[in-house]
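I have placed the structure first, in the form of structure tokens, so that the comments after it can refer back to it.
Residues take their numbers from the sequence shown, with the count starting at 1.
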Amino acid sequence: QDNYFTANYIRAQANGLKVGAYHYFIMNSDGINQAKNFVEAVGWRKLDLPLVIDIEEDDKLNKNVNDDIALKNINAMIDNLQSRGYKVMIYTNGNGYKKYVKDRQLADVNLWICSFMDPDKIKHIPNQLQQYSKHGRVKGIKGDVDLDVFNGNEKQWEKWLNDAAPLPADTTKNNITDDINYNYEISK
């Protein structure tokens, strides 16, 4: 979990940014437990974006995991989050899309694709968001940041946000110590 999540969440909202949270998926770890951890970490926070499951198969944590085990855990996590009423989005690259998303029946799951290609060259992949660079600059942040774009115009962006937002936060809780990694980059 990201120790800066709470501070970043508060600052992003104070500056009028749309905010969301993502969970880095561990393919050989129980999907239901990962879903519970994600929901607990998000806690009381009201988010503008769906809960994002970051599926990266080529790193050392997820390398050489059996596809059947990975798919079982991915589906368990998605099912658990959706059964709680949350909207879900998967973030992955082209290989992850082909392997874990393309031919699966993932009802009501949005896609955030990482592809450094021109958006016109990946129109065959039905996505709502595209990360098109990892070398962006944002005032106030040292180093590179990811750059992302919404697949639509401003009016479509607002409609998508309304349709894709997760459940409203439970504002009766005052626990602000639960932290998690998240991504709040926004582009029109």
Distance check, rounded to the nearest 0.5 Å: [X] atom [atom1] versus [Y] atom [atom2]?
| X | Y | atom1 | atom2 | result |
| --- | --- | --- | --- | --- |
| His124 | Tyr97 | NE2 | OH | 7.0 Å |
| Ile26 | Asp54 | CD1 | CG | 9.5 Å |
| Asp67 | Met27 | CG | CE | 8.5 Å |
| Gln13 | Asn8 | CD | CG | 12.0 Å |
| Lys18 | Phe150 | NZ | CZ | 12.5 Å |

I'd like to know if the side chain of [X] reaches the main chain of [Y], judged simply by a donor and an acceptor atom lying under 3.5 Å from each other, with no hydrogens or angles considered.
| X | Y | value |
| --- | --- | --- |
| Glu158 | Lys155 | no |
| Tyr86 | Ile78 | no |
| Gln130 | Met117 | yes |
| Ser133 | Leu147 | no |
| Arg137 | Gly143 | yes |
| Gln128 | Leu111 | yes |
| Asn93 | Cys114 | no |

Close side-chain approach of [X] to [Y], heavy-atom, < 4.5 Å:
| X | Y | value |
| --- | --- | --- |
| Tyr9 | Leu47 | yes |
| Lys102 | Ile125 | no |
| Asn37 | Gln1 | yes |
| Tyr132 | Asp118 | no |
| Leu129 | Asn110 | no |

Could you tell me which non-hydrogen atom of [X] sits nearest to which non-hydrogen atom of [Y], and how far apart they are?
| X | Y | result |
| --- | --- | --- |
| Asn127 | Asn151 | O-ND2, 3.0 Å |
| Ile122 | Ser115 | CG2-OG, 3.6 Å |
| Phe5 | Gly20 | CE1-O, 4.3 Å |
| Gly94 | Ile113 | N-CD1, 4.0 Å |
| Leu71 | Lys99 | CD2-O, 4.5 Å |
| Asp144 | Lys134 | CB-O, 3.3 Å |

Exercise. Under the side-chain contact (heavy atoms from CB on, under 4.5 Å) criterion, do Tyr22 and Leu49 qualify, and how do the steps go?
Worked result: CA-CA 10 Å; Tyr22 79 87; Leu49 300 171; over 6 Å; no
Exercise. side-chain contact (heavy atoms from CB on, under 4.5 Å) between Val109 and Ile53: does it pass, once the steps are laid out?
Worked result: CA-CA 10 Å; Val109 176; Ile53 303 170; over 6 Å; no
Problem set entry | In one Ile/Leu/Val/Met/Phe/Trp/Tyr side-chain cluster, 4.5 Å: Trp44, Val39 |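 Yes, Trp44 connects to Val39 through the hydrophobic network.
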Exercise. How are the rings of Phe38 and His23 set relative to one another: parallel (under 30°), tilted (30 to 60°) or perpendicular (over 60°)?
Worked result: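 Plane angle between 30° and 60°, so tilted.
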Exercise. Should the ring pair Tyr91 and Trp112 be called parallel, tilted or perpendicular, given that the plane angle runs from 0 to 90° and is split at 30 and 60?
Worked result: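 Perpendicular.
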For this session: Apply side-chain contact (heavy atoms from CB on, under 4.5 Å) to the pair Arg45 and Thr6, showing each step before the final yes or no.
Result: CA-CA 9 Å; Arg45 296 166 189 85; Thr6 299; 2.7 Å; yes
For this session: Go through the steps for Asn80 and Gln34 under the test side chain to side chain donor-acceptor pair (under 3.5 Å), then give the verdict.
Result: CA-CA 9 Å; Asn80 187 277; Gln34 290 188 71; over 6 Å; no
For this session: Go through Leu81 and Met77 one step at a time and tell me if the side-chain contact (heavy atoms from CB on, under 4.5 Å) criterion holds.
Result: CA-CA 6 Å; Leu81 292 172; Met77 183 171 187; 4.1 Å; yes
